[in-house]
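Residue numbers start from 1 in every chain, and the chains themselves are labelled A, B, ... in the order their sequence lines are given, proteins ahead of strands.
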2 protein chains.
Amino acid sequence: MENLIELFGISDDLVPQKFKKGHILQSQGDVNSNAYLVKNGLLRSYTIDQKGKEHVFMFAPEDWIISDIESQEFHHPAELYIECLEDSELIILNRKHLASVELNSQQYQQRLNKLSRRIAVLQRRMIGMMSSTAQERYEEFLVYYPNLVGRISQRMIASYLGITPEALSKIRGQIAKNS
Amino acid sequence: MENLIELFGISDDLVPQKFKKGHILQSQGDVNSNAYLVKNGLLRSYTIDQKGKEHVFMFAPEDWIISDIESQEFHHPAELYIECLEDSELIILNRKHLASVELNSQQYQQRLNKLSRRIAVLQRRMIGMMSSTAQERYEEFLVYYPNLVGRISQRMIASYLGITPEALSKIRGQIAKNS
DNA sequence: GGAAATTATTAATCCAGATTAAGAAATTAA
DNA sequence: TTAATTTCTTAATCTGGATTAATAATTTCC
């Protein structure tokens, strides 16, 4: 985790911890939410809406950081559940680590860069959601995350795309037929 | 613009410039995109998709900053148009201002905070897009941006919500009837 | 002020994707 | 290994919001 030090200016007491597949790291409503850096394995964040339906917000494979930013930065109750989709080794970054450390300019620039990238991804996803059909969004997902596809159930990919598993299944059938 | 200095560590050569309603500050495909701080007036950013349809990405009233982050930070061609919806006075922040200035720790923290807030907003909007009906999203918009509602055409609110003006008109009729 | 252009509304029809249902395949657990 | 659970697929039906169209209300601009 060499560049973790660069990024967060911390090194001690950041031993990766192991969690089993299915483990829920944090739940909707939690007030002390963390960020999780995935050393290996795979996480997802998701909400459950008023109607009881689950919506995947993002996936985090190796070297990604996942958190509920609103909760973490602004101390709001978490909107998002965070769950292990595979047995995972994680470095848990709590508010103490992320907020109270003096960083140098380069470290700050790197953090700004990370956040900017996240915004860019969300911007692209938002626009796709408004302007593309479900099939177009699925095909884009395949291009952007080719190495994730085999590790994630169709059900969850559908949820990430904002459609039902049935709709995704139909799209996949369609694509298979036309090729 | 006192806190602009705090935020960006700059003060000179940042005289607000005036633009007329309807002026397009930057277009899809532009490579030298800026950020715009709205001193007064109102801007919007939007894309035009392959099918030629417009989608409003965000509005920026007084004291907001608007930009195509992906373009600005990562030098990609802009996805977003940025347009004046009212006569506006703007401070234009180019890459030079935003990137090359040495900031102190507090200034960096403030920038990180701004970006985090943007992510939080996008997260909430994304989740709303996936889990709420058009009517629910409209009602949430009314709550979150009560002071914008009167200044923006229905057409653009509809576009921001990801629906057609006809659909929004129907929803408004519905709401008016039930009250 | 008046013509032209844009915006908002209403209504009829259409369609992408939701819902419901049920069986098949794969995974998990005992 | 088998039973139980979860995931995936297929198909019929339904529905929220899109599309199309036409008219009314506003705004823009000469």
Whole-Å distance between [N] [atom2] and [X] [atom1]?
{"X": "B:R155", "N": "D:dT27", "atom1": "CZ", "atom2": "P", "value": "14 Å"}
{"X": "B:M129", "N": "D:dG16", "atom1": "CE", "atom2": "P", "value": "17 Å"}
{"X": "A:K51", "N": "D:dT15", "atom1": "NZ", "atom2": "P", "value": "15 Å"}
{"X": "B:M130", "N": "D:dG17", "atom1": "CE", "atom2": "P", "value": "16 Å"}
{"X": "B:I152", "N": "C:dA8", "atom1": "CD1", "atom2": "C1'", "value": "16 Å"}
{"X": "B:L85", "N": "C:dT6", "atom1": "CG", "atom2": "C1'", "value": "14 Å"}
{"X": "B:L161", "N": "D:dG16", "atom1": "CG", "atom2": "P", "value": "17 Å"}
{"X": "A:Q174", "N": "D:dT9", "atom1": "CD", "atom2": "C1'", "value": "14 Å"}

Test log, rule side chain to side chain contact (heavy atoms under 4.5 Å, CB included), inputs B:E83 and B:I24: CA-CA 4 Å; B:E83 182 196 8; B:I24 292 184; 4.0 Å; yes
Flag if over 12 foreign heavy atoms under 6.0 Å of NZ, B:K20: no
Basic-acidic side-chain contact under 4.0 Å: B:R111, B:E73: no
Touch class at under 4.0 angstrom, heavy-atom based, for B:S169 against every strand present: base
Cation-pi check, A:R172 onto A:Y138 ring (under 6.0 Å, within 45° of axis): no
Axial cation check for B:F57 ring with B:R125, 6.0 Å and 45° limits: yes
Heavy-atom protein contacts under 4.0 Å, nucleotides 12-30 of chain C, coded B base, S sugar-phosphate only, - none: -----SSBBB------S--
Distance-only side-chain donor-acceptor flag, B:Y160 / B:R44, under 3.5 Å: no
B:R172 side-chain N/O to C:dT9 phosphate OP1/OP2 under 4.0 Å: yes
